[in-house]
2 protein chains.
Amino acid sequence: METSQQGDPVLRAGPLEVRLGDRTVLADQRPLPLTVREFQILAALVNRAERVVSREELYAAVWHGEMRDHDRSVDVYVSRLRSKLERALPHWAYIRTHIGFGYCFSPRPSTGEW
Amino acid sequence: METSQQGDPVLRAGPLEVRLGDRTVLADQRPLPLTVREFQILAALVNRAERVVSREELYAAVWHGEMRDHDRSVDVYVSRLRSKLERALPHWAYIRTHIGFGYCFSPRPSTGEW
DNA sequence: TCGCGGTGTGAAAGGGATGTGAAAAGGTCT
DNA sequence: AGACCTTTTCACATCCCTTTCACACCGCGA
């Protein structure tokens with residue numbers, strides 16, 4: 001993965017820039033404020049870009065524990081993350097749902113109507 | 001079998017790429033969305049490529065149980081799988097029917113009219 | 001030609017999975 | 001304590017997946 005001048009890993013995907021090292025996200029060069037959990041979810045997904053990640057794996061990566069049955073935490077934070085990303089970058093989609101398994105970070109220009 | 005950077009088993013057959021490890025299928029490099037059952041059927045077939053697989057074996061591989069007489073589940077999902085594959089890759093055929101036995105994953109360019 | 005077994009596939013019912021707003025609980029600062 | 005923000009949990013609506021049924025088609029044998 002690309003790294004910044006300070007050596008921090010950085011991911012660029014369209015107008016989105018995720019600086020894992022300093023816990024910063026830029027959308028069109030503008031800072032996108034995320035809460036701790038939101039950033040952790042995003043980071044976990046970005047670190048596994050283009051791979052389908054199970055809810056259990058995401059949960060373990062963020063909460064460091066066993067996910068209880070029917071726990072919806074992951075879904076809730078993915079929803080909030082999507083919401084912020086979409087408001088900042090309306091013409092891009094980043095997180096895809098894989099029903100029955102989990103999510104996949106897969107940036108693409110949104111095909112929806114403008 | 002070939003493996004990806006993450007060490008996941010990958011099968012390439014013409015323009016089709018099946019990543020068994022991360023539950024992803026690419027058609028001409030583009031993600032092909034499959035449901036759980038569809039992917040399981042495909043995975044079971046790919047794992048037995050070029051072999052004729054009985055309905056019973058496919059059923060056991062996906063549903064983990066004894067197939068009831070006259071159960072059509074396998075047929076239905078093979079049909080849906082074919083449908084999605086054909087829509088994504090019109091000039092290729094992947095699943096052959098062996099009447100009275102089952103199916104066989106055997107990729108080949110389609111000979112149909114253009 | 002008729003009947004029959006085998007297969008392809010559309011359609012519908014039902015249920016599980018997901019998106020998401022909102023309340024409850026917890027933390028931090030002053 | 002009070003204000004404010006975040007995390008957690010709950011509840012509900014919606015979506016879409018699975019399952020099952022039914023019908024059509026095909027090839028074959030009587």
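Letters go in sequence order (proteins before strands), and every chain restarts at 1.
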Problem - Base dT8(D) to side chain Arg80(A), donor-acceptor N/O within 3.5 Å cut-off - result: yes
Handout entry: Any N/O donor-acceptor pair, Arg72(B) side-chain to dG8(C) base, under 3.5 Å
Key = yes
Could you state the atom-to-atom distance from [atom1] of [X] to [atom2] of [N] in whole Å?
X	N	atom1	atom2	answer
Arg68(A)	dT8(D)	CZ	P	10 Å
Ile41(A)	dG19(C)	CD1	P	12 Å
Leu34(A)	dC5(D)	CG	C1'	15 Å
Ile95(A)	dT18(C)	CD1	P	14 Å

Residue-phosphate contact under 4.0 Å: [X] side-chain N/O, [N] OP1/OP2:
X	N	result
Ser83(A)	dT20(C)	no
Thr35(B)	dT18(D)	yes
Trp63(B)	dT18(D)	no
Ser73(B)	dT18(D)	no
Ser79(B)	dG8(C)	no

Practice task
Check whether more than 12 heavy atoms from other residues, nucleotides or ligands sit under 6.0 Å from atom CD of Glu57(B), and answer yes or no.
Solution key: yes
[X] side-chain proximity, nearest of [options]:
X	options	value
Val76(B)	dG21(C), dT9(C), dT7(D)	dT9(C)
Arg55(A)	dT7(D), dT7(C), dT18(C)	dT18(C)
Tyr77(A)	dT18(C), dT19(D), dT7(D)	dT7(D)

Problem - For the student: nearest non-hydrogen atoms of Val62(B) and Gln40(B), plus distance - result: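 Closest heavy-atom pair between Val62(B) and Gln40(B): CG1-OE1, 3.4 Å.
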